[in-house]
Chemist: 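Next up is a structure, given as structure tokens.
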Amino acid sequence: MTDLSDLPPFWPARRSLGLWPALPLLAALTLWLYAVRHTDVSRLDDYGLVTALHPSFWAGLAVLTTGFWCTVRDRRRPGGWPAAYVVGLLVMERATQAVLYPTPLYAWAWKHDGVIDHLLTAGGLQTADRIGDMAVYDQWPGFFAAQAALVRLLGVDSAAMYMAWWPLASSLLLLFPLLLIYRTFTEDRRLIWTAVWLFFVANWVGQDYFSPQSVAFALHLGVLAVVLRRYGRSGAGGGSGRRGQAVWTLVLTVLVMAIVISHQLTPAMLVVSLLALALLRRHRDWVPVATTVVIFLAWCATAALPFLSAALPEMIRAVGDVGGNVERGYGATPTGAGAIATSWAARLLSGSVLLLAAAGLWRQPVLRYRAMPLLVVTAAPLPMFVASSYGSEMIFRVLMFMLPGVAFFAAAALLPKVRTLAAAEAAAESGVRRKAEPPARRGIGARFRAGFGIRAWGPLIVLLAGTLAFVPSYSGKDRINYFPPQEVALVGQLFDEAPEGSLVVAANRNYPLAYASYGSIDHYWFLEDDRSHVDEIVRDPAGALATDMAGVERPSRAYFLFTQGQSANSEMNGQLTGTQLNSVLESVAASPRFRLVTENSAGAVYELRQPEEAEGAGGVEGTEAEEGGGER
């Protein structure tokens, strides 16, 4: 256990009101409510939500951060106030988008909704013999089965009814295991809550959206909390030792099983963390490691075997290719001032927290021993760079799994010297001996320097900068991730009318409902092809696309779908420019091979004519397009 020395007062005062922490919190939330009522998201630019937000939002974040720091550093305050501020932070960070946007964000969240819908309508996922783009969900169905049950329990039409609020819910889910982990190494609430604050501020990676990863990560932290507190020699409080280990092993087994059946990467991260932890003398208990490895391998050898068998050659090639594993692929390079600024904001935020963590370890030598298990768990995910690229996302996932420990040590850099409880007791005894001596009187100048010196203001400035930097890091790409109601309606109409066996062609998969009816409708995203074929489409859009879409026989149809979400993703990720994509759409619209099905302000849908239809449509395509336009 560790404790912290006293902090100087933030401002000179003889006494303070017991309820004053409520004032900054209420003021911040009031400013937030005003901001969301006066923010217009109908026209997002390349900076996403950053430039759209009303200025009162930024003022609210500043007030909230200042109030939190003033509250958390005063150890006389009840522990509930820092918790209230953290919840306020999560509301401002994770609920703003849910309040502002009328539709859920993120194409992958819509994809997961499609998997749940398929599970509810078809009564099951795809069979093992259909290995393809959706196979990963067939072999790890835990999250989707649970969500299907929740949809039925709530009596809603689909998970889209609540998935906009999932980032807030999944973040709150992380709070309890984080507190358990941090309380394993310190009882000082200032260090604990500052670490929690930094964790949520630095967790910009975005894996809190409606996804299996969001739940699996919370379960991962839950397993680590159980192991650190109940399996370490110093973790079982009260000298109870191994008492009740069978119960905790059962809890551990349930948590691990839930992780293993829900996500592919998290069990591997958990295995490397537990293996690293078992190397320490204090945590040399092989029960957690053995339990996790057995369950993980059993699932891989049975339910997940079809997918792993198909993916194994590529996985083997990736082992050891560190440069390739962290390299971004085509279409993942930030392009334009907004995308580049957002990318750098995220990099600087993560880099600053990592540097703070290094400073915390240097300034607080006691943590290098007392919190060594957490330090080992923090470093454990690093070797995963050698193992896989995970779709060019491994660097982001490693950062996320390191973040709980990084935030703890970074918080230690913002607080005074850490000392052991034994040192604190010795200091207390010394204080008793000096009790009879009158306290030295400090002048106004000394009190002013103590209250307003760098020790008080420096950490606040760091916290404030990190909290403000979270917004562009997390919401700077909302032009890509937000789909207006018109776009949702357009895509929904397409999939409602498309016959079974139809083909939908689009530039990329960044649009809502992209996987609706994926069991009966095929998809093709031409920007995911080789660059040579993309160049061919740019040169002759209508001809090349018509060739790619040929072969679909009646009653099935071949559709070309163009939406503003595809355009935003292509422009900001370095695929095709807006001018190039518009030329593709104009070529399709002018070609007699295509017929306009429907269009609105968010995009358009065209159908490829059959050869005999195209011959009869020559010279009159403009009239037919007008007659076929609009909502059908």
Chemist: Regarding Q213 and R397, is there a side-chain donor-to-acceptor distance under 3.5 Å anywhere?
Modeler: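 Per modelled atom types, Q213 and R397 side chains form a pair under 3.5 Å.
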
Chemist: Mind listing the closest non-hydrogen atom pair of A258 and S262 along with its distance?
Modeler: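 The pair with the smallest heavy-atom distance is O-OG, 2.7 Å.
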
Chemist: What orientation do W166 and F210 show, parallel under 30°, tilted 30 to 60°, or perpendicular over 60°?
Modeler: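 Rings of W166 and F210: perpendicular, as their planes differ by over 60°.
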
Chemist: For Y101 and N481, which I'm curious about, is there any donor-acceptor pair between the side chains at under 3.5 Å?
Modeler: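 No, no side-chain donor-acceptor contact under 3.5 Å.
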
Chemist: Under the 6.0 Å and 45° cation-pi test, does R363 pair with F409?
Modeler: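 Geometry flag: not set, cation outside 6.0 Å or 45°.
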
Chemist: For side-chain contact (heavy atoms from CB on, under 4.5 Å), just list the numbers for S211 and W108, CA-CA rounded to whole Å, side-chain angles, deciding distance to a tenth of an Å, and then say yes or no.
Modeler: CA-CA 8 Å; S211 65; W108 289 90; over 6 Å; no

Chemist: Could you walk me through whether L277 and V227 pass side-chain contact (heavy atoms from CB on, under 4.5 Å), step by step?
Modeler: CA-CA 9 Å; L277 196 60; V227 173; 3.6 Å; yes

Chemist: Is the W110-H112 ring centre distance short of 6.0 angstrom?
Modeler: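 When the ring centroids of W110 and H112 are compared, they turn out to be at least 6.0 Å apart.
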
Chemist: Is the closest side-chain donor-acceptor distance between T249 and Y231 under 3.5 Å?
Modeler: yes

Chemist: Suppose we call two aromatic rings close when their centres sit under 6.0 Å apart. Are F483 and Y511 close by that rule?
Modeler: no

Chemist: Checking Q207 against S214: is there a side-chain donor and acceptor pair closer than 3.5 Å?
Modeler: no

Chemist: side-chain hydrogen bond (donor to acceptor under 3.5 Å, both in side chains) for D529 and Y524? Distances and angles first, verdict last.
Modeler: CA-CA 9 Å; D529 276 355; Y524 165 51; 2.5 Å; yes

Chemist: Please say which of T378, L198, L375 ends up in a side-chain contact (heavy atoms from CB on, under 4.5 Å) with V406.
Modeler: T378

Chemist: With distance as the sole test, does N510 use its side chain to make a donor-acceptor pair with the main-chain N or O of I480 at under 3.5 Å?
Modeler: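 Checked: pair present.
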
Chemist: Would you please name every residue forming a side chain to side chain donor-acceptor pair (under 3.5 Å) with T292, sequence neighbours left out?
Modeler: none

Chemist: Do W197 and F68 have ring centres separated by under 6.0 Å?
Modeler: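 Yes, the ring centres sit under 6.0 Å apart.
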
Chemist: Are the side chains of Y182 and L191 in contact, using a 4.5 Å heavy-atom criterion?
Modeler: no

Chemist: Could you tell me whether H118 and Y518 have their ring centroids closer than 6.0 angstrom?
Modeler: yes

Chemist: Quick one: sort the F199 and F217 rings into parallel, tilted or perpendicular, breaks at 30° and 60°.
Modeler: parallel

Chemist: Will you find, in the side chains of Y162 and Q147, an N or O donor that is under 3.5 Å from an N or O acceptor?
Modeler: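 Result is yes, a qualifying pair exists.
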
Chemist: With no hydrogens and no angle check, is any side-chain donor or acceptor of T96 less than 3.5 Å from a backbone partner on M92?
Modeler: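 Yes, because the side chain of T96 sits within donor-acceptor range (under 3.5 Å) of the backbone of M92.
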
Chemist: Please check if any side-chain donor atom of D478 sits under 3.5 Å from a side-chain acceptor atom of Q97, or the reverse.
Modeler: yes

Chemist: Between R189 and W193, is NZ or CZ placed under 6.0 angstrom from the six-membered ring centre and within 45° of the ring axis?
Modeler: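 Not flagged: R189 not positioned over aromatic ring of W193.
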
